[in-house]
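Written below as structure tokens is the structure these notes are about.
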Amino acid sequence: MLDPDKEQLREALASAKQIEASLRERLREQDLVLGGLEALQGEEDPAALQARVFDLLSRSVAFNLALVIEPEGEGFVCTAATDPAAVGARWPGGGFFSRVAHGRAAVVPDNRRVPEWAQCESLSPLPGAGIYAPILAASGPGLLVLCCHQPGAYSARDGALVSRLSLLVSQTLAAAQRRRLSEAARSADMARQAAVEASEAKSRFLANMSHEIRTPLNGVTAVADLLAMTDLAPRQQEMAQLIAQSGRMLERLLNDVLDFAKIEAGQLDIECEPFDLEPALHAMIDLFTAKADAKGLTFRANIAPAAAGAFAGDSLRVRQILGNLLSNAVKFTEAGEVSLDVSAQDGPEDSLITLRVTDTGCGFTVERGARLFDRFEQGDDSMTRQFGGTGLGLAISRSLAEMMGGAITWRSTPGQGSTFEASFRARRLRDAGPAITEANAPPRPQDLSVLVVEDNPNNRRIVAMVLDLVQAQATYAENGQEALDVFEPGRFDIILMDLQMPVMDGLSATRRIRELELAAAAAPIPIIALSANAMTHHVAEALAAGATAHVAKPILPARLIQTMIDLVQDGPAPTAVKAAG
């Protein structure tokens with residue numbers, strides 16, 4: 001007869017051993033999960049992360065195929081597997097997979113009973129058991145699937161274990177997503193840095209190109225202008241004018257390229273200064289009236305009374321837009337007329353000004369018109385060969401109009417002509433006083449003392465020819481240091497300062513001159529930055545350094561003289577600066 005007490009003790013001992021075994025198994029599972037998570041921390045490559053997870057799973061559960069299935073659109077896709085051929089397999093949404101993904105793990109004795117396997121064209125189910133556990137993928141709820149060749153090989157306990165271990169998969173997918181996002185961020189930062197460096201290199205190239213082209217161009221156009229002012233035979237006068245016109249054309253092409261580059265880089269600024277609209281437009285009207293007359297065309301211009309008066313805006317860019325529109329109209333019209341109509345509509349804060357240019361030229365189709373405002377486009381190749389040009393004028397004009405709050409529209413009929421309307425906004429000045437207009441013949445003061453700071457001997461000679469026109473007395477320095485050596489407050493009436501020079505550049509010399517004037521309590525002398533560095537930031541740098549005005553090379557003799565006269569007569573303070581040219 002068994003002792004009841006001993007029997008109870010044996011049962012208690014057996015129960016304790018079962019509990020101990022269960023706890024040991026649970027601790028092993030936890031150690032596996034924690035160890036797996038710790039092992040994954042130092043891994044960087046997402047593919048290696050997933051391979052390590054599959055290896056950790058294989059230490060606890062036997063399987064012939066392991067799959068990670070993530071949601072994609074309306075269905076599921078295999079994103080990782082122990083068999084590379086399984087990656088990319090797709091299943092429809094809904095059904096068993098969706099229930100597991102949004103629920104709990106399931107153990108299936110025979111995979112062929114799962115409906116989704118029959119709907120997967122690229123992957124056949126293994127003839128055996130399967131464990132399906134939910135995971136959290138980057139794109140939403142997914143599945144971890146383990147398949148074994150032996151039917152009924154997995155128990156509920158195996159399913160519970162795999163469900164716990166699915167945390168490893170979710171952690172891996174999250175880590176992989178973080179790695180991908182981090183890599184994408186690094187790539188984006190590198191691309192941004194490369195774009196910044198490329199933009200800076202482009203700006204440096206454009207600045208150098210502008211300077212290097214303008215310097216020899218100054219010797220062509222300025223000398224041609226000066227030559228045309230001398231007593232020449234009619235044939236010689238015609239040749240001098242032809243040289244000057246060709247130089248201006250080359251300068252315009254250069255300006256188009258630089259302007260478009262600045263627009264693309266977001267570096268072109270719109271000025272807001274007082275100007276009289278009608279005189280500003282007449283400069284372009286007179287120019288293209290002569291060009292239309294040369295082709296036998298009738299040119300008509302009408303400026304409505306509402307468009308007369310003073311406005312605050314960028315008159316240079318307004319003339320640039322009008323010049324591009326009139327240039328195209330005259331260029332593409334062989335017979336008939338070109339007309340310009342200017343109107344203005346006042347609003348509560350500003351005025352909408354419209355420039356309408358109409359011609360009786362060749363016209364174009366809607367399809368070609370849609371391409372006209374693309375860069376380097378001119379309707380078709382035959383126009384490019386016949387008429388030339390960069391194809392940048394309209395693209396630049398549209399950008400300028402939009403920057404000034406307007407737009408450019410068009411309508412055209414092939415063989416009958418075209419109409420372009422450019423609009424922009426400007427603030428009307430009610431009490432602006434008399435408008436300043438450009439003089440046809442600048443005054444010729446006597447005994448004007450000028451310090452010319454220029455390192456290029458050809459440019460010094462050109463400036464000397466301009467100063468001879470007003471009988472000015474010139475002193476020359478080849479760099480900023482030489483200028484400082486000869487400078488004394490009150491000695492000169494005006495300084496013409498190049499910017500890019502050896503030994504000491506023009507910006508440094510200008511700052512030093514302003515310091516010397518301040519120390520001597522002397523009145524500031526007008527300093528004109530006379531430079532081939534003519535981009536917007538170059539002008540801003542010159543004015544910030546203390547220059548009173550900026551005149552770009554190639555020099556227009558009349559413009560330089562007029563700027564000098566204005567500064568000497570007006571005597572502006574260093575803070576009251578303006579850009580000329």
Under the side-chain hydrogen bond (donor to acceptor under 3.5 Å, both in side chains) test, which residues partner Arg104, sequence neighbours left out?
none
Whether over 12 other heavy atoms sit under 6.0 Å from Glu74 CD
no
Under the side-chain contact (heavy atoms from CB on, under 4.5 Å) test, which residues partner Thr360, sequence neighbours left out?
Thr333, Glu337
Donor-acceptor side-chain pairing of Ser327 and Asn324 below 3.5 angstrom:
no
Any pair with a residue in residues 75-90 that passes salt bridge (charged side-chain N to carboxylate O under 4.0 Å, His left out), sequence neighbours left out, goes on the list, sorted by first then second residue, please.
Glu72-Arg90
Are Asp189 and Arg186 close enough for a salt bridge, meaning some N to O gap below 4.0 Å?
no
Can you find a pair of side-chain heavy atoms, one from Asp346 and one from Ser351, that are under 4.5 Å apart?
yes
side-chain hydrogen bond (donor to acceptor under 3.5 Å, both in side chains) filter on Glu116, not counting sequence neighbours, yields none
Arg99: what forms a salt bridge (Lys or Arg N to Asp or Glu O under 4.0 Å) with it, not counting sequence neighbours?
none
Do any pairs count as a side-chain hydrogen bond (donor to acceptor under 3.5 Å, both in side chains) and have a residue in residues 125-135, sequence neighbours left out, and if so which ones?
Asn111-Tyr132, Trp117-Tyr132
Mind checking what makes side-chain hydrogen bond (donor to acceptor under 3.5 Å, both in side chains) contact with Thr358, not counting sequence neighbours?
Thr419
side-chain contact (heavy atoms from CB on, under 4.5 Å) involving Asp314 - partner list, sequence neighbours excluded
Ile270, Glu271, Leu316, Arg317, Met404
Atom of Ser412, atom of Gly363 and distance for their closest heavy-atom approach:
OG-CA, 3.2 Å
Would you say the side chain of Trp410 lies within less than 4.5 Å of the side chain of Ser418, judging by non-hydrogen atoms?
no
Restricting to side-chain hydrogen bond (donor to acceptor under 3.5 Å, both in side chains), what partner residues turn up for Ser508, sequence neighbours left out?
Asp505
Contacts of Gln345 that satisfy side-chain contact (heavy atoms from CB on, under 4.5 Å) - sequence neighbours left out:
none
With sequence neighbours excluded, what pairs up with Ala66 under the side-chain contact (heavy atoms from CB on, under 4.5 Å) test?
Phe54, Phe63, Thr82, Leu146
For residues 396-423, which residue pairs qualify under salt bridge (charged side-chain N to carboxylate O under 4.0 Å, His left out), counting only residues two or more places apart or in two chains?
Arg356-Glu421
Give a yes or no on this: more than 12 heavy atoms of other residues, nucleotides or ligands lie within 6.0 Å of atom CZ of Arg511.
yes
